[in-house]
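A short write-up of the structure that comes next.
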Amino acid sequence: MPNIVLTRIDNRLIHGQVATQWSGVIGANLLLVANDEVSTNKMRQGLMDMAAPGYAQTRYWSLQKTIDTIHKASDRQMIFIICESPQDVLTLVEGGVPIKKVNIGNMHMAEGKRQVATVVAVDDNDVAAFKRLQELGVELEIRRVPQEGTEDVAKLFK
C-alpha cells in the first residue's frame with residue numbers, strides 16, 4: 001500500500017506554498033504531480049523542480065501512469081500527490097489509487113466558474129466530481145495553508 005501523506009488540488013501544482021509549507025508539515029519526501037499535460041511538458045517540470053524543496057524528489061506522471069505505478073512505491077516514500085482538478089483526483093480514486101482525504105487548495109476563477117471559498121472557484125463539473133469523491137468515501141478539506149483553519153466544504157455544493 002503506498003504511503004500517501006496528502007493529496008492536494010492546486011491548479012498551480014508545485015509552487016511556494018506547496019514547497020515550503022505543505023511538504024514540510026506533512027513530511028513528504030516525494031512530490032508526485034499527477035497531470036497528463038505536465039507529464040510531457042519538460043519546461044513546466046523544470047520550473048516546478050526549481051520550486052520543489054531540496055529534500056524531496058519530484059515525479060511528473062500521467063493519470064494512467066499514476067494508477068498503474070503507485071502501488072509499487074516503497075514504504076519509505078512519503079508521497080504528496082498534487083493534482084490540478086477534482087476530475088483528476090476522481091480519475092485516480094476510480095482507478096484504484098487509495099486516496100482517503102483531499103486537501104482543496106487553489107482553484108482559480110475562470111470563465112464559467114463561481115467563487116465559493118477564499119481561493120476556490122468551481123463549475124458544475126467540479127461540483128459533480130466532489131460529490132462523487134464524497135460518495136466514494138473520500139474526505140474533503142478546503143485549506144489554503146497548514147497554519148490556517150479549514151473552510152466549510154458545504155460551500156462547494158452551493
Could you verify whether a donor N or O on one side chain and an acceptor N or O on the other, from [X] and [Y], lie under 3.5 Å apart?
X: Asn41; Y: Gln45; result: no
X: Asn103; Y: Arg143; result: no
X: Asn106; Y: His15; result: no

Distance in Å, [X] [atom1] paired with [Y] [atom2], rounded so as to fall on 0.5 Å steps:
X: Gln21; Y: Ile26; atom1: CD; atom2: CD1; answer: 12.0 Å
X: Leu133; Y: Leu90; atom1: CG; atom2: CG; answer: 5.0 Å
X: Met48; Y: Tyr60; atom1: CE; atom2: OH; answer: 5.5 Å
X: Lys113; Y: Asn125; atom1: NZ; atom2: CG; answer: 8.5 Å

Does one hydrophobic cluster hold both [X] and [Y], with members joined at side-chain heavy-atom distances below 4.5 Å?
X: Leu6; Y: Ile81; result: no
X: Phe130; Y: Val116; result: yes
X: Met109; Y: Ile9; result: no
X: Leu47; Y: Val38; result: no
X: Ile99; Y: Leu63; result: yes

Are any of the side-chain heavy atoms of [X] and [Y] separated by less than 4.5 Å?
X: Ser85; Y: Asn11; result: no
X: Val138; Y: Lys100; result: no
X: Ile104; Y: Val119; result: no
X: Glu94; Y: Arg132; result: yes
X: Ile142; Y: Leu156; result: yes
X: Ile67; Y: Thr91; result: yes

Would [X] and [Y] pass as an ion pair if we require N to O under 4.0 Å?
X: Arg44; Y: Glu37; value: yes
X: Arg114; Y: Asp126; value: no
X: Glu151; Y: Lys155; value: yes

*Gln77, Lys72, Arg76 screened by side chain to side chain donor-acceptor pair (under 3.5 Å) with Ser74, the one that passes*: Arg76
What pair of heavy atoms forms the shortest contact from [X] to [Y], and how long is it?
X: Asn3; Y: Asp75; value: ND2-O, 3.8 Å
X: Phe80; Y: Val5; value: N-CG2, 4.3 Å
X: His71; Y: Pro98; value: CE1-CD, 3.7 Å

*Between Thr69 and Thr66, is there a donor-acceptor pair closer than 3.5 Å when you use the side chain of the first and the backbone of the second?*
no
*asked:* I'd like to know whether Val93 forms a side-chain contact (heavy atoms from CB on, under 4.5 Å) with Val102, so could you lay out the CA-CA distance, the side-chain angles of the two residues, the decisive distance to 0.1 Å, and finally the verdict.
replied: CA-CA 11 Å; Val93 171; Val102 175; 6.0 Å; no
*Is the number of heavy atoms from other residues, nucleotides or ligands under 6.0 Å of Asp152 CG greater than 12?*
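Counting neighbours around CG of Asp152, more than 12 heavy atoms of other residues, nucleotides or ligands fall under 6.0 Å, so yes.
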_Full working for side-chain contact (heavy atoms from CB on, under 4.5 Å) between Cys83 and Asn35_ = CA-CA 6 Å; Cys83 292; Asn35 181 277; over 6 Å; no
_Audit row: Ile4, Thr7, side-chain contact (heavy atoms from CB on, under 4.5 Å) steps and yes/no_ = CA-CA 7 Å; Ile4 300 169; Thr7 300; 3.6 Å; yes
